[in-house]
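The structure under discussion appears below in the form of structure tokens.
Small disclaimer: the values here were computed from a predicted structure and weren't measured. Basis for what follows: all heavy atoms, side chains included, without hydrogens, waters or symmetry-related copies. Order of listing sets the numbers, starting from 1, for every ligand and every atom in it.
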Amino acid sequence: MKKDLISLADLSLADIEKILALAAKLKRRNQPKLLRDKALGLIFKKSSTRTRVSFEVAIRQLGGYSTFLRTEDVQIGRGESIADTAKVLSRYLNGIVIRTFDHNEIVEFAKNASIPVINGLTDLSHPCQVLCDLFTILERKKRLQGLKVAYIGDGSNNMAHSWIYAAIKAGIELTIATPKKYPPSAAVQKAVRAFTSQKGRFTVTVDPQAAALGADVLYTDVWVSMGQEKERDEKIRAFRPYQVNAQLVALAKRDCMVMHCLPAHRGEEITADVIDGKHSVVFDQAENRLHVQKAILALLMG
Ligand code: CP
Ligand code: NVA
């Protein structure tokens, strides 16, 4: 495995399987103190409930501790360079999770840090979430290869991008239903074409019903991601036909799983009856962030 976890594009299928297997083990049995006295830093430029709390609890349960740094409180918020910050924090910490807007900031940080750098979400991708999603699917379906996942909503956001990488690597048939104006990033599509192994595939359609038909998993995310607040009215209008509701669920397999990375907006991307209904696994999915991130921390910082 590489030093950092910045994008699923950098992970081999063997790396992914190793993370998922260790997560299963850590979920099953008592916590061995794999990271005794190790320090994990978290630099967050955006809000977070799940990522922040699950990483903080994960490192503690593994015997280490965390220090949470809001960008406003550290010198990086006043213009200290990313390179200098990365070099200094590498002298104190054993690993760092970063949540920010511009993906290049994490890449730059990692280049200058001697410690593992973990992407806790950027505008471009959200790898830790999708690793947790794969784990949650595997728990229930006992396989990933050959499954049909329909991602309904914003095809241009971080979740869609990480899902594309995951699907190609793990042998999943991913269909992204999104309006024409919101396709996945051209850079992500290009990166995928260069993967040496193409076990899965992804297609993009404007038709949510076609995507949902026969799906094993219906996945959705917010229509307005953090940082896009100004585009809210336009996006709400564009995505209205892309709601995961009972009609859409009826098109999927009878035992389909409904997933959402959360936070959710009931009545927008998903209806209350569906997210709180029998197909929904969203709270198990949220719990699994803790187990999967323990595995990530143990493998990168151990
Ligand atoms: N799913 C997720 O990353 O949630 P938070 O924004 O609360 O961390
Ligand atoms: N696409 C969402 C994911 C939140 C976990 C956002 O970036 O706001």
Side-chain angles (χ1 to χ4, degrees), residues 5-8 23 40-59 66 68-71 96-103 105-106 118-137 151-166 174 176-179 182-185 188 217 219-232 234-236 238-239 242-244 257-266 268-270 275 280-294 296-297:
L5 173 42
I6 296 193
S7 168
L8 293 183
L40 178 71
L42 298 98
I43 299 187
F44 278 45
K45 263 197 198 172
K46 293 176 172 173
S47 308
S48 171
T49 299
R50 283 144 287 270
T51 307
R52 175 183 175 173
V53 178
S54 55
F55 267 116
E56 292 198 302
V57 172
I59 184 75
S66 64
F68 184 79
L69 305 162
R70 285 176 357 121
T71 16
I96 190 150
V97 183
I98 299 179
R99 169 169 287 200
T100 190
F101 295 87
D102 183 353
H103 189 79
E105 287 180 15
I106 295 202
I118 298 168
N119 178 355
L121 181 147
T122 65
D123 289 347
L124 189 69
S125 64
H126 197 5
C128 294
Q129 177 68 54
V130 175
L131 286 169
C132 150
D133 299 338
L134 295 180
F135 180 81
T136 308
I137 295 171
Y151 177 99
I152 314 287
D154 188 354
S156 69
N157 78 7
N158 38 24
M159 285 304 306
H161 294 150
S162 289
W163 255 106
I164 290 173
Y165 291 142
L174 173 68
I176 295 181
T178 188
Y182 298 95
S185 130
V188 170
V217 176
Y219 202 104
T220 191
D221 181 19
V222 292
W223 290 339
V224 184
S225 286
M226 289 180 278
Q228 302 179 336
E229 290 73 16
K230 277 206 207 92
E231 298 163 48
R232 183 172 172 81
E234 190 189 340
K235 291 195 89 175
I236 298 285
F239 286 105
Y242 294 83
Q243 184 184 64
V244 175
M257 296 165 65
V258 170
M259 303 182 77
H260 191 312
C261 56
L262 304 177
H265 295 79
R266 288 169 173 75
E268 289 186 12
E269 74 276 4
I270 193 161
I275 196 168
S280 172
V281 299
V282 298
F283 297 111
D284 289 341
Q285 187 185 348
E287 177 192 322
N288 284 335
R289 294 294 302 275
L290 175 67
H291 309 300
V292 175
Q293 278 154 200
K294 269 188 196 161
I296 293 169
L297 292 177

Check your understanding: Would Lys45 and Asp102 pass as an ion pair if we require N to O under 4.0 Å?
Key -> no

Practice item. Quick one: sort the Phe135 and His291 rings into parallel, tilted or perpendicular, breaks at 30° and 60°. Key: tilted

Point to revise | Side-chain (His161) to main-chain (Ser185) donor-acceptor, under 3.5 angstrom | key: yes

Exercise for review: Looking only at distances, please establish whether an N/O atom of ligand 1 is found under 3.5 Å from an N/O atom of Arg52.
Suggested key: no

Review point. Taking side chain as C-beta onward, heavy atoms only, is Tyr182 less than 4.5 Å from Asn157?
Key: no

Exercise for review: Please state whether the rings of Trp223 and Phe239 are parallel, tilted or perpendicular, taking 30° and 60° as the class boundaries.
Suggested key: parallel

Review point. For ligand 1, which atoms have a heavy atom of Arg99 less than 4.0 angstrom away?
Key: 3 (O), 5 (P), 6 (O), 8 (O)

Point to revise | Nearest-0.5 Å distance, CG of residue Leu124 to CZ of residue Phe101 | key: 14.5 Å

Review point. Going by distance alone, is a donor N or O of one side chain under 3.5 Å from an acceptor N or O of the other, for Ser225 and Asp154?
Key: no

Practice item. Could you check atom 4 (O) of ligand 1 against the protein and tell me its nearest heavy-atom contact, residue, atom and distance included? Key: Arg50 NE, 2.8 Å

**Study point:** salt bridge (Lys or Arg N to Asp or Glu O under 4.0 Å) partners of Arg52, counting only residues at least two apart
**Key:** Glu56

Review point. Rounded to the nearest 0.5 Å, how far apart are NZ of Lys235 and CD of Glu269?
Key: 11.0 Å

**Study point:** Pocket residues of ligand 2, ordered first by chain and then by residue number (heavy-atom cut-off under 4.0 Å)
**Key:** Leu121, Asn157, Asn158, Asp221, Val222, Ser225, Met226, Leu262

Check your understanding: Does even one non-hydrogen atom of Leu262 get within less than 4.0 Å of ligand 1?
Key -> yes

Exercise for review: Output the list of atoms in ligand 1 that are nearer than 4.0 Å to some heavy atom of Arg289, sorted by atom number.
Suggested key: 1 (N), 2 (C), 3 (O)

**Study point:** Proximity of His126 to ligand 1 by residue part, where a heavy atom lies under 4.0 Å
**Key:** side chain

Revision key, fill the gap. With heavy atoms and a 4.0 Å threshold, my read on which part of Gln285 contacts ligand 1 is neither

Check your understanding: What's the spacing between Ile164 CD1 and Ser125 OG if we round to 0.5 Å?
Key -> 11.5 Å

Exercise for review: Would you check whether Pro263 has a nitrogen or oxygen atom less than 3.5 angstrom from a nitrogen or oxygen atom of ligand 1?
Suggested key: no

Point to revise | Under 4.0 Å to a heavy atom of Thr49 - the qualifying atoms of ligand 1, by number | key: 5 (P), 7 (O), 8 (O)

Exercise for review: Can you measure from OG1 (Thr136) to CG (Asn288) and round to the nearest 0.5 angstrom?
Suggested key: 4.0 Å

Check your understanding: Does even one non-hydrogen atom of Lys46 get within less than 4.0 Å of ligand 1?
Key -> no

